[in-house]
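Below you will find the structure I want to go over with you.
Remember, it's a predicted structure, so these values are computed and weren't measured experimentally. Only this structure's heavy atoms are used, side chains among them; waters, hydrogens and symmetry mates stay out.
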Amino acid sequence: MSWAKIIVLIAAVALGGFLFRYGSVDPCEWLRYDMTAKTGLPRIMVDAAVRIKLKGDMTAGNCFGEWLRFHKDGE
């Protein structure tokens, strides 16, 4: 099996895992879902907190970075 096929297979498995857990491939949804689960706050309040934390810049890259920080730091 070539490296390209292995990389595509790993990406497909990761994508399937995110779809299974979060029902979305949007990192902003992952962040909202995990913050809601951890804090127990209503989703609308978590959405506002995410927007404030990211200063309204809700790009996939910023949300993914914040999602990684959320899991690394546990904040």
- request: Mind jotting down which residue pairs meet the salt bridge (charged side-chain N to carboxylate O under 4.0 Å, His left out) criterion with at least one end in residues 4-16? Sequence neighbours excluded, please.
  value: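 Qualifying pairs, neighbours excluded: none.
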- prompt: Rounded to the nearest 0.5 Å, how far apart are CG of Leu68 and CG of Leu31?
  reply: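 Leu68 atom CG to Leu31 atom CG measures 10.0 Å (nearest 0.5 Å).
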message: Let me check something: do Leu54 and Ile52 share a hydrophobic cluster, defined by ILVMFWY side-chain heavy atoms less than 4.5 Å apart, either directly or through other members?
response: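 No, it is not one cluster - the side chains of Leu54 and Ile52 are not joined through contacts under 4.5 Å.
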query: Got more than 12 heavy atoms from elsewhere within 6.0 Å of CD1, Ile6?
result: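 Yes.
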query: In the single-linkage hydrophobic clustering (I, L, V, M, F, W, Y; side-chain heavy atoms under 4.5 Å), do Val25 and Tyr33 co-cluster?
result: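 Val25 and Tyr33: separate clusters.
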Within 45° cone and under 6.0 Å: Lys38 NZ/CZ vs Phe70 ring: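 Yes; both conditions hold, so Lys38 lies above the ring face of Phe70.
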Mind listing the side-chain donor-acceptor pairs of residues 17-24 below 3.5 Å, one per line with the distance, residues two or more places apart or on another chain?
unit_1 : atom_1 : unit_2 : atom_2 : d
Arg21  : NH2    : Asp34  : OD1    : 3.3
Tyr22  : OH     : Asp34  : OD1    : 3.3
Tyr22  : OH     : Asp34  : OD2    : 2.7
Ser24  : OG     : Asp26  : N      : 3.0

Would you tabulate the side-chain donor-acceptor contacts of residues 55-63 under 3.5 Å, counting partners in other chains and residues two or more places apart, or write 'none'?
unit_1 : atom_1 : unit_2 : atom_2 : d
Asp57  : OD2    : Asn62  : ND2    : 2.5
Thr59  : OG1    : Asn62  : N      : 3.3
Thr59  : OG1    : Asn62  : ND2    : 3.3
Asn62  : ND2    : Asp57  : O      : 3.3

- request: Give a yes or no on whether a salt bridge exists between Asp47 and Arg43, defined as a side-chain N under 4.0 angstrom from a carboxylate O.
  value: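 No, no charged N to carboxylate O under 4.0 Å.
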query: Taking all atoms of both residues into account, what is the closest heavy-atom pair of Val50 and Met35, and its distance?
result: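 That closest heavy-atom pairing would be CG2-SD, 3.6 Å.
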field: Spatial distance of atom CD (Glu66) from atom NE2 (His71) [nearest 0.5 Å]
entry: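 Answer rounded to 0.5 Å: 10.5 Å.
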